[in-house]
2 protein chains.
Amino acid sequence: MSGTERDDDAVFKALADPTRRVLLDALFDRDGQSVQSLCERAPGMTRFGVMKHLEVLESANLVTTRKVGRQKLHFLNPVPIQQVADRWIGKYAQPFTRALVDLQADLEHRTA
Amino acid sequence: MSGTERDDDAVFKALADPTRRVLLDALFDRDGQSVQSLCERAPGMTRFGVMKHLEVLESANLVTTRKVGRQKLHFLNPVPIQQVADRWIGKYAQPFTRALVDLQADLEHRTA
DNA sequence: ACCATAGGTAACCATTTGGTCACATGTCAA
DNA sequence: TTGACATGTGACCAAATGGTTACCTATGGT
């Protein structure tokens, strides 16, 4: 796997868990939150579970952190998502593709 | 989890595996391929491994199938990807967001 | 100095996942 | 109808994942 492919893979894998997506959403709502604060978004899960998810997000470069006093603040970094969207998802989601898909679906429906 | 959230989750999880992304790319290149044909895209993996991945893609509704004679043809369905992109990824990848992100990154760099 | 608070480490566990193998089914063609 | 070919099923296995608990470190307030 090339470098960007490996990076993309980490991003895809990081996005594959609903808790992690919730955490990203939380940071989208309010950036720079502490672990404690983020735990509120994952009720019924211990702080350690949340921390593990945050580690995954951090190593996929989707969140960056900064220690302030005794708390660790988490910042959203959407750039990897944008890159993945640009060079992979866009290929499937572009209007051109969409038109083709609609046409194909129509044809399949007729011949079915 | 609501219905669409569960669907989105299946799509995210399906996209989390590199082999499955390769299979989608293969169908993007040439639609309507058989299992055999798709196996060529995953060298070093048995037909059964490929079949399992195809099942995952199918149950996430990313590929649809049609039996023709003794072979099963696979068709790409990008719609779920488009939906996920529209209602989740777009939020992070829109130009507006991108501008905010760049600004934030700049500020953080200055204060660091 | 002290204690409460915020976070970190490591061991551990259950489940899911990615993958294989052995075998079964269905279909075409001679 | 027999054999080759394409796909399906189920058992099975190793590794990764998601999560917990017990304990440790560091910081801030009083």
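In what follows, every chain begins at residue 1, and chains take the letters A, B, ... in the order their sequences are listed. This structure is a prediction, so every number in the text was calculated from the model and none was measured.
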query = Once you build an axis from the first five pairs and another from the last five of the helix from C:dA1-D:dT30 to C:dA30-D:dT1, how far apart in angle are they, to 10 degrees?
reply = 30°
Salt bridge A:Lys13-A:Asp9, side-chain N to carboxylate O under 4.0 Å = yes
inquiry  = Using whole Å, what does the distance between atom P of nucleotide D:dA4 and atom CD of B:Gln36 come to?
reply    = 16 Å
inquiry  = Less than 4.5 Å apart, side chain to side chain, heavy atoms only: is that true for A:Arg20 and A:Leu15?
reply    = no
key: Between C1' of D:dG19 and CZ of A:Arg20, the distance in whole Å   = 12 Å
request  = Nearest whole angstrom, please: distance from the C1' of D:dA16 to the CG of A:Asp9.
outcome  = 13 Å
inquiry  = Applying a strict under-4.5 Å side-chain criterion to I, L, V, M, F, W and Y, I'd like to know whether A:Trp88 and B:Val22 cluster together.
reply    = no
ask   = If you measure from the Lys or Arg side-chain nitrogens to the Asp or Glu carboxylate oxygens, is any gap between B:Lys72 and B:Glu58 under 4.0 Å?
value = yes
query = Roughly how far, to the nearest 0.5 Å, is the CZ atom of B:Phe48 from the CG atom of B:Leu54?
reply = 13.5 Å
task = Nearest whole angstrom, please: distance from the C1' of D:dA6 to the CG of B:Leu73.
result = 11 Å
Closest-nucleotide 5' rank along DNA chain D - winner of B:Lys67 and A:Lys67 = B:Lys67
message = Applying a strict under-4.5 Å side-chain criterion to I, L, V, M, F, W and Y, I'd like to know whether B:Val56 and B:Val50 cluster together.
response = no
request  = Using a 4.5 Å cut-off on heavy atoms from C-beta on, say whether the side chain of A:Leu23 contacts that of A:Leu38.
outcome  = yes
request  = With the side chain counted from C-beta on, respond yes when B:Val84 and B:Phe12 share a heavy-atom pair under 4.5 Å apart, and no when they do not.
outcome  = yes
task = Using a 4.5 Å cut-off on heavy atoms from C-beta on, say whether the side chain of A:Arg87 contacts that of A:Thr4.
result = yes
inquiry  = With a strict under 4.0 Å distance from non-hydrogen atoms of chain A, what nucleotide opens and what nucleotide closes the contacted stretch of DNA chain C, reading 5' to 3'?
reply    = C:dA4 to C:dT9
inquiry  = Just to be sure I understand the geometry, which residues of residues 37-46 of chain B put a non-hydrogen atom under 4.0 Å away from DNA chain D?
reply    = none
message = With the threshold set at under 4.0 Å for non-hydrogen atoms, list the residues of residues 47-54 of chain B touching DNA chain D in residue-number order.
response = B:Arg47, B:Phe48, B:Met51
Enumerate the protein-to-nucleotides 28-30 of chain D contacts in which both atoms are nitrogen or oxygen and the separation is below 3.5 Å.
none

request  = Name all residues meeting the side chain to side chain donor-acceptor pair (under 3.5 Å) criterion together with A:Thr19; count only those two or more places apart in sequence or in a different chain, and write none if there are none.
outcome  = A:Asp17
message = Between A:Asp29 and A:Arg41 (salt bridge meaning N to carboxylate O under 4.0 Å), is one present in this structure?
response = yes
request  = Could you check if a side-chain atom of A:Ser37 sits within less than 4.5 angstrom of a side-chain atom of A:Gln71, using non-hydrogen atoms only?
outcome  = no
ask   = Are any of the side-chain heavy atoms of A:Leu62 and A:Leu76 separated by less than 4.5 Å?
value = no
task = Would you mind reporting whether A:Gln83 and A:Val11 have side-chain heavy atoms less than 4.5 Å apart?
result = no
message = Rounding to an integer number of Å, can you tell me how far A:Gln71 CD sits from D:dT27 C1'?
response = 11 Å
query = Should A:Val63 and A:Asn77 count as side-chain neighbours, where that means a heavy-atom distance under 4.5 Å?
reply = no
task = May I ask you to decide whether B:Asp25 forms a salt bridge with A:Lys91, counting only side-chain N to carboxylate O separations under 4.0 Å?
result = yes
